[in-house]
Chemist: 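This structure is in structure tokens; I'll ask about it shortly.
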Amino acid sequence: TIGAIAQGLDLPPRTVRLHLEKLRDAGLVESNPDRHGSVGRPHLLWSARWSAPVLGVEPGGMRMLAHMLADLAALDSGASDRARAVGRRRAGEMGPGAGCPAGPVDAALDRLAQLGFDPTVESSGGRDVISFTSCPFREVAVLYPELVCQLHRGITAAVVEQVGASLDGFSTLVDPDPCRAEVKLNA
């Protein structure tokens with residue numbers, strides 16, 4: 001909500017509203033009414049758009065290149081295993097990030113959020129279950145889940161290992177309960 005964003009940024013709600021409306025007009029964010037609120041006019045929930053325009057930030061050919069590389073890799077029967085290894089290697093090259101004093105799982109969440117996955121965590125049966133509510137690879141992942149989700153799996157495995165935990169399970173877009181990772185702390 002505008003109130004939550006304003007509080008998090010320590011800005012007046014009116015300022016946040018004006019900026020969000022400009023971002024909406026540019027096609028970068030969208031708003032939807034929160035139907036679970038109280039009586040009266042519903043608050044708007046703001047979120048980034050999956051198919052936001054490039055606006056010169058990302059080279060125009062990158063989207064096409066991503067699709068062509070996924071097409072090419074999908075022809076290779078061993079691409080999923082290699083994709084996982086590439087994701088792990090690339091995340092390892094980035095290093096553990098700034099760290100988070102709250103604990104290892106929070107540190108992993110922070111790092112995954114920096115990469116654009118918007119993770120949340122729930123504790124269940126002695127394990128932490130990370131759910132990914134956003135995916136920076138979504139456009140290509142829906143077309144090539146076996147390949148792109150394995151890149152994501154490799155990234156997640158490396159990130160959680162960097163903070164002293166291990167990946168105990170990972171659900172891809174082809175699984176019944178997708179976009180989740182089970183993490184356990186190493187003893």
Side-chain angles (χ1 to χ4, degrees), residues 1 4-5 8 28-32 34-36 45-52 63 66-67 69-71 73-74 76-187:
T1 65
I5 295 169
L28 297 173
V29 299
E30 60 189 5
S31 61
N32 293 297
D34 179 8
R35 304 257 185 238
H36 299 93
L45 299 177
W46 293 84
S47 60
R49 288 194 54 219
W50 287 112
S51 58
R63 178 175 283 147
H67 283 275
L69 289 172
D71 280 340
D76 181 359
S77 62
S80 291
D81 291 336
R82 283 193 289 288
R84 191 175 322 123
V86 167
R88 179 183 286 276
R89 188 186 82 236
R90 295 297 279 186
E93 288 171 1
M94 293 183 301
C100 182
V105 174
D106 288 331
L109 290 177
D110 185 56
R111 186 64 173 157
L112 292 165
Q114 290 172 11
L115 295 171
F117 290 105
D118 196 18
T120 61
V121 69
E122 296 175 16
S123 292
S124 175
R127 290 189 177 130
D128 290 306
V129 178
I130 298 173
S131 296
F132 301 101
T133 58
S134 177
C135 178
F137 312 138
R138 184 160 183 81
E139 181 180 333
V140 181
V142 296
L143 299 172
Y144 304 96
E146 296 290 343
L147 179 68
V148 178
C149 291
Q150 293 306 317
L151 283 167
H152 181 194
R153 181 182 190 152
I155 290 168
T156 303
V159 167
V160 299
E161 287 169 8
Q162 288 170 351
V163 299
S166 60
L167 192 61
D168 205 30
F170 191 88
S171 300
T172 69
L173 285 175
V174 298
D175 293 316
D177 196 7
C179 303
R180 295 166 51 94
E182 291 182 28
V183 177
K184 72 175 184 181
L185 295 176
N186 295 335

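As the structure is a computational prediction, the values presented were derived from the model and not from experiment. Throughout, residue positions are numbered sequentially from 1 according to the sequence presented.
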Chemist: Do side-chain atoms of Ser131 reach the backbone of Thr120 as a donor and acceptor pair under 3.5 angstrom?
Modeler: no

Chemist: Starting at CG of Asp81, measure out to CG of Leu147 and round the result to the nearest 0.5 Å.
Modeler: 11.0 Å

Chemist: Would you say that His67 contacts Glu139 through its side chain, given a criterion of any heavy-atom pair below 4.5 Å between the two side chains?
Modeler: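 The answer is yes; the side chains approach within 4.5 Å.
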
Chemist: Can you check whether Leu173 reaches Arg138 side chain to side chain, under 4.5 Å on heavy atoms?
Modeler: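 Heavy-atom side-chain distance check passes, below 4.5 Å.
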
Chemist: Any heavy-atom pair between the side chains of Phe117 and Ser134 that's under 4.5 Å?
Modeler: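 Ser134 does not reach Phe117 side chain to side chain.
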
Chemist: Under 3.5 Å, is there a donor-acceptor pair between the side chain of Gln162 and the main chain of Ala91?
Modeler: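 Side chain of Gln162 to backbone of Ala91: a pair is present.
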
Chemist: Can you measure from OG (Ser171) to CZ (Arg153) and round to the nearest 0.5 angstrom?
Modeler: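 The OG atom of Ser171 sits 9.0 Å away from the CZ atom of Arg153.
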
Chemist: Determine the minimum heavy-atom distance between Ala79 and Ala73, stating which atoms define it.
Modeler: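 It is CB-O, 3.1 Å.
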
Chemist: To the nearest 0.5 angstrom, please state how far the CG atom of Leu167 sits from the CD1 atom of Ile155.
Modeler: 12.0 Å

Chemist: Check whether any side-chain N or O of Asp175 sits under 3.5 Å from a backbone N or O of Thr172 as a donor-acceptor pair, and report yes or no.
Modeler: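 Yes, Asp175 side chain to Thr172 backbone: donor-acceptor pair under 3.5 Å.
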
Chemist: For the residue pair Thr1 and Leu45, establish whether any side-chain heavy-atom pair is separated by less than 4.5 Å.
Modeler: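 Yes. Closest side-chain heavy atoms under 4.5 Å.
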
Chemist: Listed by chain and number, what are the ring pair (Phe, Tyr, Trp, His ring centres under 6.0 Å) partners of Phe170, not counting sequence neighbours?
Modeler: His152

Chemist: Measure across Leu112 and Ile130 and return the closest heavy-atom pair with its distance rounded to 0.1 Å.
Modeler: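 Heavy-atom minimum between the residues: CD1-CD1, 4.4 Å.
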
Chemist: Heavy-atom distance under 4.5 Å between the side chains of Val160 and Ser166, does that happen here?
Modeler: no

Chemist: Got a sec, which residues hit salt bridge (Lys or Arg N to Asp or Glu O under 4.0 Å) with Arg127, two or more places apart in sequence or on another chain?
Modeler: Asp168, Glu182

Chemist: Between atom SG of Cys135 and atom CG of Leu115, what is the distance when rounded to the nearest 0.5 Å?
Modeler: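 If we round to the nearest 0.5 Å, Cys135:SG and Leu115:CG are 11.0 Å apart.
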
